[in-house]
Amino acid sequence: MTDLTLSLDRSTRLAQAGTRRDPSTGALSMPIYQTASFGHPALGQSTGFDYSRTSNPTRLALEEALAGLDGGCRGFAFASGLAALDAVIRLFAPGDRVVVTEDLYGGTYRLFERIYRPLGIEAVFVDTSDAQAVAAACADPAVRGLLVESPTNPILRVADLRALTAIARERGLLFIVDNTFLTAWLQRPLEQGADLVLYSATKYLAGHNDVVAGAVVAATPALAERVGFLQNAAGAILGPQDSWLVLRGLKTLALRLDRQQSNAQRLAAWLAGHPRVRRVYYPGLDTHPGHALLAREHSGAGGMVAFEVADPSRVPAILAGVRVFIFAESLGGVESLITYPLRQTHADLPTALCQRVGINDRLLRLSVGIEDPDDLIRDLEAVL
Ligand SMILES: *Cc1c(COP(=O)(O)O)cnc(C)c1O
């Protein structure tokens, strides 16, 4: 990256992600290099590209944009968020324990419990919005890593990333943040001391519900080397077409997220005053326990809102009755989605954990899109 690029605001860099990379034609849009292999100029020489599992120009354009956005040293694009996570967990060895956010993405829970626990890498689930609980769990000498989601899904608990960095540094742990919900536009864990940032790029980074993708950004060259080795050796890479889709999505990340956030703030405030709503979870509301921390450390509360309806028997009618919201899993796209975590996104989590964190039969989760906020409010008003 040039000095000019680094001095520009993130929104400028986002808008021009992947541009000026094809001097031979001047193409504004990064070309899709749909090729498996690259010819060599001569023995012992390379154009910089040999084989597309190792590196591909379209994927590299995306990876460099991701690294720049997070302020990391290198980015890596994977076939999905879980493929990215899988590469990161491979940094650990049998016998290692990893302290992990308890109310985390269901697929992350499944990967740890069903694939890595039998292989000897054990997740220890903790409320990572409680730094003291994290410190206590990390006192176990077998703990080698800390993997945190913040804000969490769907209750939106907020972790103090600086405090967790201090714990991780003291214990020599690898500190990994799943930053899927806020993205580097709103929260930059590497600047707060994390070692690796992880994304489901399927969500806000790509932003249009049209591609499944994942990413990792590494803080240091040593870590980048290890992740790069795993990306090439295990091979769960993102293809050139999908890399291009994520790159195109990135260009409007700032605009989309700002709008999603302002829509979410309006909806959360409106829901909080609604007689048929018992409780609202949104860190942008000053009643939320993570509000002050998020306001101090980060640039926003994002576009996810969860709420409890007063009467759980209304849930099927709400999900069937929405006309603007779409009853669907996933999140982060331009269209507003509504889901029922207990039965959909969090069905893999143990019942006791769901009850403890508040994932109950009244809870609905909104991924707020970029539509007109009054249309969204009228839609919910009609079904509530
Ligand atoms: C969706 C999601 C994942 C998994 O990503 P995929 O792209 O679906 O594989 C991981 N973490 C979080 C927080 C997610 O929302």
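In listed order, ligands and their atoms are each counted from 1. Note: hydrogens, waters and symmetry copies are ignored here, and every other heavy atom, side chains too, is used.
Membership of an apolar cluster is not assigned to Y51, as no side-chain contact below 4.5 Å to another ILVMFWY residue is traced. Under a 4.5 Å side-chain heavy-atom cut-off, the cluster of Ile, Leu, Val, Met, Phe, Trp and Tyr residues that includes I326 is completed by L337.
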Pairwise, report which nitrogen or oxygen atoms of ligand 1 are under 3.5 angstrom from protein nitrogen or oxygen atoms, and how far apart they are.
from: ligand 1; atom 1: 5 (O); to: S200; atom 2: OG; distance (Å): 3.0
from: ligand 1; atom 1: 7 (O); to: G81; atom 2: N; distance (Å): 2.9
from: ligand 1; atom 1: 7 (O); to: S200; atom 2: OG; distance (Å): 2.8
from: ligand 1; atom 1: 7 (O); to: T202; atom 2: OG1; distance (Å): 2.7
from: ligand 1; atom 1: 9 (O); to: G81; atom 2: N; distance (Å): 3.0
from: ligand 1; atom 1: 9 (O); to: L82; atom 2: N; distance (Å): 2.9
from: ligand 1; atom 1: 11 (N); to: D178; atom 2: OD2; distance (Å): 2.8
from: ligand 1; atom 1: 15 (O); to: K203; atom 2: NZ; distance (Å): 2.8

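The closest donor-acceptor contact from the side chain of Q260 to the backbone of G333 lies under 3.5 Å.
Ring planes of F76 and F78: tilted class, angle from 30 to 60°. Using a 30° and 60° split on the angle between ring planes, F125 and F112 fall in the perpendicular class, above 60°.
Partners of T220 by side-chain contact (heavy atoms from CB on, under 4.5 Å), not counting sequence neighbours, listed by chain and number: A222, L223.
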